[in-house]
2 protein chains.
Amino acid sequence: MRSVAMDAADADRSDFTARARVRDAAVELFGRSGFNVSVRTIADAAGVSPGLILHHFGSKQGLREACDDYVLQRIREYKERAVRPASANELLLAMASVDESAPLVGYALQSLQAGGDLARSFIDHFAADAEEWIAEGVKAGTILPSLDEKARARYLTVQGFGALLLDLTLNPPEDPSDIAGAMRGYLARMGLPSTELFTQGLLADRSMLDAYLLYVVDPPQP
Amino acid sequence: MRSVAMDAADADRSDFTARARVRDAAVELFGRSGFNVSVRTIADAAGVSPGLILHHFGSKQGLREACDDYVLQRIREYKERAVRPASANELLLAMASVDESAPLVGYALQSLQAGGDLARSFIDHFAADAEEWIAEGVKAGTILPSLDEKARARYLTVQGFGALLLDLTLNPPEDPSDIAGAMRGYLARMGLPSTELFTQGLLADRSMLDAYLLYVVDPPQP
DNA sequence: ATCGCAACTGAACGCATGTTCAATATGCTA
DNA sequence: TAGCATATTGAACATGCGTTCAGTTGCGAT
């Protein structure tokens with residue numbers, strides 16, 4: 001039996017309980033092929049009968065929720081363990097480059113595409129981090145201040161993950177488990193234009209921004 | 001029987017053939033609920049038996065391909081009919097605001113999320129338009145030039161659609177058929193930070209861009 | 001040693017799906 | 001009007017799914 005000291009919500013990473021094996025197989029398969037993989041497929045991958053999955057997790061939905069919790073917790077751990085705060089892309093690429101944590105990235109991306117609570121927590125978390133990180137940059141003088149720091153942090157987060165997600169959807173890797181390679185391809189395609197946009201912007205003058213600010217103050221009646 | 005003058009690929013918009021009714025119902029349901037809606041559901045919506053759908057389209061996949069062609073063609077028409085060239089967001093919002101064309105937008109967005117050929121054509125098309133539109137802006141002096149105009153156009157397109165897609169996934173509208181409302185919500189949330197980013201950029205100096213350019217010329221060995 | 005409880009199996013069930021097919025209705029053509 | 005091709009139906013089939021459950025194994029406490 002499982003030690004009473006670690007309950008189901010614990011990060012029993014290095015154990016080989018059937019329950020943990022199922023959870024790991026589910027994270028990997030959900031992350032690689034989406035949430036339509038069958039319970040039987042997961043059971044096969046974990047070397048276990050289908051019935052056992054529902055014995056441990058109640059239902060397929062229960063399994064998904066357990067995976068959600070596990071992935072979110074492990075990513076939080078990973079983020080806190082990083083000595084220096086990093087951008088979301090850097091962190092994900094670092095995680096995707098390590099065999100042990102790569103499936104977590106795949107799962108998180110699939111989750112973002114599917115929506116739901118984990119996706120929201122995920123974005124909230126990264127947006128909060130971005131806000132902090134940006135605030136430090138502004139204080140240090142390396143980042144320009146914004147009229148709405150919170151909105152900017154969220155926008156940059158959604159925009160960054162959205163672009164990554166769509167790019168991976170349009171250019172699916174031949175090997176679906178090589179998320180690091182796929183991410184590197186994305187960064188190679190988008191690195192220059194994004195850095196350029198962040199450095200110089202796009203528009204030559206402030207007229208559009210000023211017009212938008214006027215529009216916000218006095219919107220046209222719909 | 002269908003007039004011999006318009007074959008299956010034609011834009012027989014205003015006819016009420018069972019085939020056209022099925023196609024319209026499929027576009028609407030696929031766009032609203034994704035591509036897992038059942039053939040039977042579509043048949044019900046079109047007031048038709050399930051068998052007829054496969055008689056006309058061969059398979060569910062055939063129906064999807066017919067919808068893909070139809071939607072892409074209608075969006076192209078819409079774009080050409082617009083007097084002035086517009087940004088992708090403007091065009092989509094305009095289409096989403098008209099009852100007749102709103103389902104097309106929903107379908108296109110679902111298609112982008114699912115990947116596949118239509119998604120690629122769609123992005124290619126909009127990226128090419130963006131490149132043209134940006135080139136005019138550069139010539140007119142309203143847009144700053146880029147080191148790689150093609151890559152920038154593609155980046156801005158992927159980034160824009162990706163952000164929209166992810167935002168709609170995270171904030172699904174109560175009424176899934178009100179795409180225009182959902183888009184307006186998105187623009188309200190992201191309008192200021194995106195305009196600000198496009199106007200002033202994010203970074204206070206060129207150091208990161210210069211570092212990236214050096215990195216591209218002489219990448220570290222992997 | 002044995003009792004008891006949890007882990008675990010695998011066959012079975014019910015359901016929804018995409019698809020097939022024989023039968024019928026319909027409308028154009030000769 | 002007769003005939004034929006096409007449109008259309010709806011029942012049936014095969015498959016894969018999530019889930020249930022009666023039964024078996026294995027282990028820790030008494």
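Chain letters run A, B, ... following the sequence lines, proteins first, then strands; residues in each count from 1.
Put simply, CZ on A:Arg21 is 11 Å from C1' on C:dC8, counting in whole angstrom units. Counting to the nearest Å, the C1' atom of C:dT17 and the CD1 atom of B:Ile53 are 13 Å from each other. If you measure from atom CZ of B:Phe57 to atom C1' of C:dT20, you get 18 Å, rounded to the nearest angstrom. Per the geometry, NZ belonging to B:Lys60 stands 8 Å off P belonging to C:dT19, to the nearest Å. The distance between atom CG of B:Leu54 and atom C1' of C:dT20, rounded to the nearest whole Å, is 9 Å.
The ring pair (Phe, Tyr, Trp, His ring centres under 6.0 Å) contacts involving residues 78-121 of chain B comprise B:Phe35-B:Tyr107, where partners must be two or more places apart or lie in separate chains. Pairs of residues two or more places apart, or lying in two chains, that qualify as side-chain hydrogen bond (donor to acceptor under 3.5 Å, both in side chains) and include a residue from residues 174-194 of chain A are A:Asp167-A:Arg189, A:Asp175-A:Ser177. Every pair tested for side-chain hydrogen bond (donor to acceptor under 3.5 Å, both in side chains) that includes a residue from residues 48-59 of chain A fails, sequence neighbours excluded, so the list is empty.
Within 4.0 Å of B:His55, counting heavy atoms only, lies at least one base atom of the nucleic acid.
Residue-environment remark: CG (B:Asp117) stays at or below the threshold of 12 foreign heavy atoms within 6.0 Å.
Looking at residues two or more places apart in sequence or on another chain, you find a salt bridge (charged side-chain N to carboxylate O under 4.0 Å, His left out) between A:Arg32 and A:Glu28. In this structure, the salt bridge (charged side-chain N to carboxylate O under 4.0 Å, His left out) partners of B:Arg154, at least two apart in sequence or on a different chain, are B:Asp124.
With D:dT19, C:dC8, D:dA7 as the candidates, the nucleotide lying closest to the side chain of A:Leu52 is C:dC8.
Near DNA chain C, meaning a heavy atom under 4.0 Å away, the residues from residues 31-49 of chain A are A:Arg40, A:Val48, A:Ser49.
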